[in-house]
Amino acid sequence: MKINRWTAELNPDIGIIENLFSTEGLECKEIHVPSGAKISNQRTTMTEVIQLVSGELIFNLSGTQFALRAGDRLEVAANTLYSYSNLKSEESLFLTAYKL
């Protein structure tokens with residue numbers, strides 16, 4: 001697991017984050033997480049890159065819980081079991097892509 005916190009002066013937006021993925025040669029897709037949603041038992045066979053565009057999500061990776069906020073980026077190693085939830089009153093949006 002690797003977390004990079006958003007520290008840029010600009011607020012993150014979907015265009016900026018799509019460009020960041022593109023410069024790494026990654027094709028991303030949008031995931032919308034409604035308020036109150038809980039997504040359990042996610043696992044990938046490749047390294048998964050997740051970057052929040054808006055909102056806040058609580059992630060649980062192998063028993064370790066942490067919050068991701070707009071702009072924050074998470075890399076999840078292959079075969080890692082994880083879950084996430086949106087405890088806020090607004091929808092969250094993140095982009096995700098897979099590294100070979």
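For the numbers below, each heavy atom of this structure counts, side chains included, while hydrogens, waters and symmetry mates do not.
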On a heavy-atom basis, which atom in [X] and which in [Y] lie closest, and how many Å separate them?
{"X": "Ser83", "Y": "Ser40", "result": "CB-CA, 3.7 Å"}
{"X": "Asp72", "Y": "Ala67", "result": "OD2-O, 4.4 Å"}
{"X": "Lys88", "Y": "Ser35", "result": "O-OG, 2.6 Å"}
{"X": "Gly55", "Y": "Glu90", "result": "CA-OE2, 4.4 Å"}
{"X": "Ala97", "Y": "Leu26", "result": "CB-CB, 3.8 Å"}
{"X": "Phe21", "Y": "Cys28", "result": "CD2-CB, 3.8 Å"}

Could you go through residues 13-20 and list every donor-acceptor pair under 3.5 Å that involves a side-chain atom there, pairing it with any protein atom two or more places apart or in another chain?
from  : atom 1 : to    : atom 2 : distance (Å)
Asp13 : OD1    : Gly15 : N      : 3.0
Asp13 : OD1    : Ile16 : N      : 2.8
Asn19 : ND2    : Gly15 : O      : 3.4

With a 4.0 Å cut-off, would you call Arg73 and Glu24 a salt bridge?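 Yes.
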Do Leu93 and Glu30 come within less than 4.5 Å of each other through their side chains, counting heavy atoms only?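 In contact.
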No-hydrogen, no-angle side-chain donor-acceptor test under 3.5 Å, Glu75 and Thr47: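 Absent: no donor and acceptor within the cut-off.
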Stepwise side-chain contact (heavy atoms from CB on, under 4.5 Å) check, Arg43 with Thr80: CA-CA 6 Å; Arg43 188 182 302 266; Thr80 301; over 6 Å; no
Just grab all the side-chain hydrogen bond (donor to acceptor under 3.5 Å, both in side chains) pairs involving residues 51-67, residues at least two apart or on different chains.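 Found Glu56-Arg69.
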Would you say Ser85's side chain and Leu87's backbone share a donor-acceptor pair under 3.5 angstrom?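 Absent.
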Please write out which residues are connected to Val33 in a hydrophobic cluster, directly or through intermediates, given that two of Ile, Leu, Val, Met, Phe, Trp, Tyr count as joined at side-chain heavy-atom separations below 4.5 angstrom.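 Answer for Val33: Met1, Ile3, Ile31, Ile39, Ile50, Leu52, Leu57, Phe59, Leu61, Phe66, Leu68, Leu74, Val76, Tyr82, Tyr84, Phe94.
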Any chance you could lay out the side-chain contact (heavy atoms from CB on, under 4.5 Å) test for Thr96 and Lys29, step after step, and finish with the verdict? CA-CA 6 Å; Thr96 185; Lys29 68 177 183 175; 3.7 Å; yes
